[in-house]
Protein chains: 2
Amino acid sequence: MERDLTTEAKIMEAATRVFIAKGFNGCSSREIAREAGLNVALVNYHFKSKSNLFDIVIANVIKGFTLSILDVFKSNLSLENKTRILIEKEYDFLTKHPDVPNFIINELGKKDKSFFDCLDVANEFIEAKIFEQVENAQKNGELRNIDLVSIMLLIMSNCHFPFMAKPMIQTIHSLEDSKYQEQLTLHKQYVTEMLINYLFPKK
Amino acid sequence: MERDLTTEAKIMEAATRVFIAKGFNGCSSREIAREAGLNVALVNYHFKSKSNLFDIVIANVIKGFTLSILDVFKSNLSLENKTRILIEKEYDFLTKHPDVPNFIINELGKKDKSFFDCLDVANEFIEAKIFEQVENAQKNGELRNIDLVSIMLLIMSNCHFPFMAKPMIQTIHSLEDSKYQEQLTLHKQYVTEMLINYLFPKK
DNA sequence: CTACTTTTTAAACAAGTGTTTAAATTTTGA
DNA sequence: TCAAAATTTAAACACTTGTTTAAAAAGTAG
């Protein structure tokens, strides 16, 4: 019962590309098949249904997105350095995959908690012992004493939003892609300085 | 040739609600008509087509969103106080309309520049002379010397993202609506402090 | 009341949707 | 080599989509 993985890989590649670009409702099974250069029926033969394929794709995207973050958390660095590297990595990742945050936020908002639990990323974070490190850094006075949700929100807001709002900002300010990329490189420095200053106040 | 505005108003109300919640591709003309308690054909009779209705709705939403910002810009306050009030107003607006940023960013990204030019909001900002005020504040040393795009990005990121990511954060941290609202109230204070400290460094 | 316009309605249209079917083809294992 | 299994295909399925049509209803003005 050896399966032809190449066909499934083709479908996954095309589906990931199309789903991220247009969302679940914005594309059809036939469009995915066309992009993969395959017959429509193959999508359901290999993946049962469009929504099942979608679940696999989004789980995959989230996994890939989470892995690079976890690497930083698991490393043996101070929280301040972890934050610096995290921002750096986020901007790197998002430069390559600018549509991913929008995709995750929009499509995950439609799912219920049970789906999210299946992804099982929470345990990975617990394993990284990042919560203990935060608690300790706050006791030391190294890290500002605000809750973890807000810390995450502050970092994510300043990393993700500039990529999410890219089409809008580009339209408003008439910036071509290369100019906006320069803007983002500059912005990353501002964001890093601002967040580090705020989260890790020196005395 | 007096038109029954009530019917058009009903369609606009339902369309705005449904479009914001589900996006252009996420809903059907029939769903909008059903929500308005009207016959499907009335949508096209009064608004020509679904996409025409959508253009009117999104232009309307953007206008409403922009107006409250412009009020702040036009007021006679220092940039620091304008920033404080702007953040306050953004959080107020977004508490009432949490789905609007996602809606605007997603759907405006699909439109081209010509559509955006039709909205004609740029002139309003020029009229408010906010650009001159920024330039002067930077010469004074009151405002940090970074470009306007980044200033806007910093403020918008920290105001909009917490609302855009709400479903995701709620799922991750198992927070009910009221708890997340408390979180946002807290977060607004952090954001204000962080942004003011960074944008308006005291000496 | 009557002739006319505007509004509303149910029904139909062609096109596209996700999915299934059954036949054709390819691959597999003995 | 050859039957059994897995894969691929074209075609069809029932359903929804945005939109149009033509008749009915409501409203308007002389």
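Convention: sequence-line order gives letters A, B, ...; per-chain numbering from 1.
- Side-chain N/O atoms of His46(B) include one lying less than 4.0 angstrom from OP1 or OP2 on dT8(C).
- Pairs of residues two or more places apart, or lying in two chains, never qualify as salt bridge (charged side-chain N to carboxylate O under 4.0 Å, His left out) while including a residue from residues 152-165 of chain A.
- With sequence neighbours excluded, the residues satisfying side-chain contact (heavy atoms from CB on, under 4.5 Å) with Leu77(B) are Ser75(B), Asn81(B), Lys82(B), Ile85(B).
- Within the structure, ring-ring contact (aromatic ring centres under 6.0 Å, His included) pairs that include any residue of residues 105-125 of chain B comprise Phe73(B)-Phe125(B) (at least two apart or interchain).
- Listed by first then second residue, pairs satisfying salt bridge (charged side-chain N to carboxylate O under 4.0 Å, His left out) with a partner in residues 11-33 of chain B read Glu13(B)-Arg17(B), Arg17(B)-Glu35(B), Lys22(B)-Glu31(B), not counting sequence neighbours.
- Put simply, the side chain of Ile105(B) reaches to within 4.5 Å of the side chain of Phe161(A), judged on heavy atoms.
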- prompt: Which nucleotides of nucleotides 14-22 of chain D have their base under 4.0 Å from a protein heavy atom (B), which only their sugar-phosphate (S), and which neither (-), written as one string 5' to 3'?
  reply: ---BBBB--

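- The nearest whole Å value for the distance from the CG atom in Leu42(A) to the P atom in dA11(D) is 16 Å.
- Between the C1' atom of dT9(D) and the CG atom of Leu38(A) lies a distance of 11 Å, rounded to the nearest Å.
- The CG atom of Asn52(A) sits 14 Å away from the P atom of dG18(C) (whole-angstrom rounding).
- In the helix from dC1(C)-dG30(D) to dA30(C)-dT1(D), the end axes, each obtained as the rotation axis mapping the C1' atoms of four pairs onto the next four within a five-pair block, lie 10° apart to the nearest 10 degrees.
- Using a 4.0 Å cut-off, some side-chain N or O of Thr7(B) falls inside it from OP1 or OP2 of dT8(C).
- By the side-chain contact (heavy atoms from CB on, under 4.5 Å) test, Gln183(B) is found to be paired with Asp147(A), Val149(A), Ser150(A), residues two or more places apart in sequence or in another chain being considered.
- Counting only residues at least two apart or in different chains, salt bridge (charged side-chain N to carboxylate O under 4.0 Å, His left out) contacts with residues 101-116 of chain A comprise Asp55(A)-Lys111(A), Glu107(A)-Lys110(A), Lys113(A)-Asp117(A).
- The stretch residues 87-105 of chain A participates, sequence neighbours left out, in these salt bridge (charged side-chain N to carboxylate O under 4.0 Å, His left out) pairs: Glu88(A)-Lys188(A).
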